[in-house]
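Chain letters run A, B, ... following the sequence lines, proteins first and then strands; every chain starts at 1. None of these values were measured; they are calculated from a predicted model. We use all heavy atoms of the structure for the numbers below, so side chains are in, but hydrogens, waters and symmetry mates are not.
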Amino acid sequence: GYVRTGSISLAQTQDRLISLKRIASSLKVMGIPCEIITPKQVAQLHPLINIHDLVGAMYVPEDALVSSANVSLALATAASRNGVQIHERTSVSHVSVQKGHVAAVETDRGQIQCQYFVNCAGQWAYELGHSVEEPVNIPLHACEHFYLLTHPLKEPLASNLPTVVDPDGRIYIRNWQGGILSGGFEKNPKPLFTEGRNQLEIHNLQEDWDHFEPLLSALLRRMPELEALQIMQLVNCPESFTPDMRCIMGESPAVRGYFVLAGMNSAGISYGGGAGKYLAEWMVNGYPTENVWPLDLKRFGSLQSSRTFLRHRVMEVMPLMCDLKVPRWDFQTGRQLRTSPLYDRLDAQGARWMEKHGFERVKYFVPPGKDLLDLDQSKTFYKPDWFDIVGSEVKCCKEAVCVIDMSSFTKFEISSTGNQALESLQYLFSNDLDVPVGHVVHTGMLNEKGGYENDCSIARLSKRSFFMISPTDQQVHCWAWLKKHLPEDSGLTMEDVTWKYTALNLIGPRAVDVLSELSYAPMTAEHFPSLFCKEMSVGYANGIRVMSITHTGEPGFVLYIPIE
Amino acid sequence: MSRTVSSWILSSARNSIVLQGKGRLYSICVPNRNKIKWKLLSKTHLYPAGSCILNDPFPLKKVFRHTSTEEEHFSFQLSPSQINDILRAGELSHKTLDLDGKNANSVLRFESNQLASNSPIEDRRSAATCLQTSGMMFGVFDGHAGSACAQAVSERLLHYIAVSLMSRQTLEEIELAVECMKPVQPILQWHKHPNDIEYREITSQYFENLRVYWQHLLDLDTELGFSLEEAMISAFKRLDSDISLEVQAPQENELMRNIALQVAFSGATACVAHVDRIHLHVANTGDCRAILGVQEEDGTWSTLPLTRDHNAFDEFEIRRLKREHPRSEEKTLFVNDRLLGILMPSRAFGDVQLKWSKELQHSVLENSCDVEALNIYQYIPPNYHTPPYLTAEPEVTYHKLRSKDKFLVIASDGLWEMLSNEQVVKLVAGHLTELNVQKPQLAFEKPVNLGYMHSLLLQRKNRGTTLLDQNIATHLIRHAIGSNEYGEVDPEKLAAMLTLPEDLARMYRDDITVTVVYFNSESIENYYGNN
């Protein structure tokens, strides 16, 4: 079933060629042979391709075709041989949890006790994740995906012809039993099953030729000789997509022993092998051999599991499969899930926003009188139009003073009745936290192997309470990590206070001047040395937690202002 | 100039121009058909064709300023969305609410639209639900020589009809309320377009005259009241006589006086339909037209006209006028297919020039200050011996609605000049089916090859874009002005027709107003079942 055909990705524009070259160079780093070829070489590799509108292509000779059914069958057979039991036609109704740990799986054929549970239910993973006492949010959403099957050509296509990807036409074409199989990722995807409960309906999905028309046009433009080819079937086969086009794997932050591997964004067959390997390592050793943080389930918060959000986001994500992948691209849909209290004011001042972990953060401010390019035109591999704006903002931070809204940062408060807080934190963090009250320590949370799990700052508010600041996207992961390793029932209280404070970062060499202007307390280095934390009044506001720390190394302060 | 136009007839103080004979016009445009309803005969008429009138240079200058007969000046650069915006600006639609579910209204919904050719538009339309009696009314009014008369009629006529239909008891209650300065029960619920204007300044005077009318009705001392037909005739005639009397009555307020003058000295034809359960009455005065779209049991569509156009082409009208005037005038009643050589419709509101005696016209106009400024035509037509020549009395048609009567189209002559009754019914019916069966399933027989499928899909895609209009009235207007010889909408022609400069637009298309009323076959069926 494994046929090494190679693959050709076509470029109709110079920008696309740049994009392919970027992919090619990263493939080379991984040791995968590939080359950028000319349209003429494309014609030699595949007889049917119309090369008149091409500027180049990327050829990956070792790419191969497999049949997903055969692969699954082979895996199942091999697994059974090693003692794995496979229950077919059995549906899972519920996953039981005891003390935050997976205990058993309820099926329509009875209960199965287990220590680990892996949710690999594809587009049904979201619903399955919700059939647990403590719901496991797996943000993915299904979209209809169409591909066309044809009868064989008069002269059947050779089975070793390379697979063709034409991203500008949004289609892929491969040989299939002497004919072709061709599908694509259209601009106007049709999300489905937003309300859930879809298992039964999947067989009744209808072909939608009108919807397929743009892809068919692209196919016939690429291979005009196919006009006479007889159609066999238009298959409607939904695929699941995730909010950031990356698959989802890892252990649930809510339920220990509950693992997930889903949301393959229609590349399940290509990624399945590697993803399975890492997940297995994760389950056996507690961590995979590679850093898979970009794929970790914990990169999402619960806000990103709303069905409306997912529906809108996948409608944006699916077309991106074929869009130019320019650096620093922000999603446009499903925004403003979380915002700082200052959002409206900043927005009125010309802020341009990016989103991290659902939180809107300012990227830069468009100066008055300056217009930026439209979104579509701003897609570039070259110097972007915001470059100089950001440049002058950085200069201002370096040479004068600026205020940055840092409210998105994750903030925890950990306190205890006795000494437990200090003791546990001393165990979890690498730096010495037994510092005088009012000191701030920059430190990291390490795992068993000495790798970084989190990079954070901790202020000692009192003998028994600590204030911890970590990056925005650490909210779920860090919480889960602390929960996992802090002793239970020890009088230790931990609270997520992220939403309780607005954090303003006063940054730059003149930050001291600004702050002393606003308060009567002495601000000189003797009175307020770096890495200190004080409650003080700034202007009319009292009870503001001021820390002489910045996250970039510039001199400055962070002001934590209670939201009231 | 003479290169373009063979002869000029300077017609009016409004500086509109009548092109006579064949101009060098655009092949895509329909031939000039003397569309202006008012045509004044002046001495110039006697000049041989082909020569320009040079004895009066002043209006000629005006003419130059307002015309743009040079092709270079045309811009046909309207995008489809701009075209849609223009066409849809006048859209109005209303769905009747089925409140109790039992006595469902026989009117399902109505859709209306209008497109101006004159600037400002001289057509008007009204739609209202009677609150004191049952039924809905729909009117289309086509003004000429200005919009004043059409405006006044559109605001007032439905009230006059509604009042004529009310029972003695209701009238007494309303009269009592007015007398005691109590709030009066509303008579009509209007269904208006936001752009529909209203003469606010004189509503109170209109109301006073309406009150005089119902007081008159109360005095009549008839217990039974009018039949619908009588009510409509009475309302039409009463309103026209009010229009005529208001201008003769002394009036302190100059604004009101001027409005009254403008209303009386301009004209309007009217077509009003009254639908009450299965009873459809259509009252028509002039050349607006109402037709029914009927779907036979086998699914075919046929047309049932409910009005006759009152103009020089109608035998009955010619005979009526001949009957009403002495034999000596037989030859001068209709000249050039116009009443006294002037007016296209042979019945209309206003137009007192064709109703009053010469003496009355003189005395009224002498007393008014600036006739010129009010754009009033001041003249006595030739052969004006036995006025009145014009009447506002309508012809009322009754039709008992059947479940196969699906819709009623009322439109000003601007539409009927472009489309025949049959074409209109076909378009509405086609639109109905398209709406009902939104994009039918793609049907094809396997096996099919990719090329064939591709062309099939492209065809469907293109066809999909032609069905743009949700509002049937817009659909009709689009076809009326944009259809080519094959009956398809030609986007180029559509754009050309819409970009004609104001002065030329009038040559190729009249103001168009269309109201389509859809009937609820089910509730009509029920009425038959219950009785």
Visitor: Indicate yes or no: at least one non-hydrogen side-chain atom of B:L450 is less than 4.5 angstrom from one of A:E227.
Guide: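 When only atoms from C-beta onward are counted, A:E227 and B:L450 do not touch, as no gap falls below 4.5 Å.
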Visitor: Less than 4.5 Å to any heavy atom of chain B: does that hold for the side chain of A:L229, its backbone, both, or neither?
Guide: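 Both backbone and side chain.
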Visitor: What do you reckon, is CD of B:E296 surrounded by more than 12 foreign heavy atoms closer than 6.0 Å?
Guide: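 Enclosed.
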Visitor: Going from CE on B:M453 to CG on A:L148, what distance comes out if it is rounded to the nearest 0.5 angstrom?
Guide: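 So the gap between those two atoms works out to 8.5 Å.
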Visitor: What distance do B:H454 atom NE2 and A:W209 atom CH2 have between them, rounded to the nearest 0.5 Å?
Guide: 11.0 Å
Visitor: Take a 6.0 Å sphere around CD of B:E422 and say whether it holds more than 12 heavy atoms from other residues, nucleotides or ligands.
Guide: yes
Visitor: Under 6.0 Å from the NZ atom of B:K426, do we count more than 12 heavy atoms belonging to anything else shown?
Guide: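 No, NZ of B:K426 has 12 or fewer neighbouring heavy atoms, counting only those of other groups under 6.0 Å.
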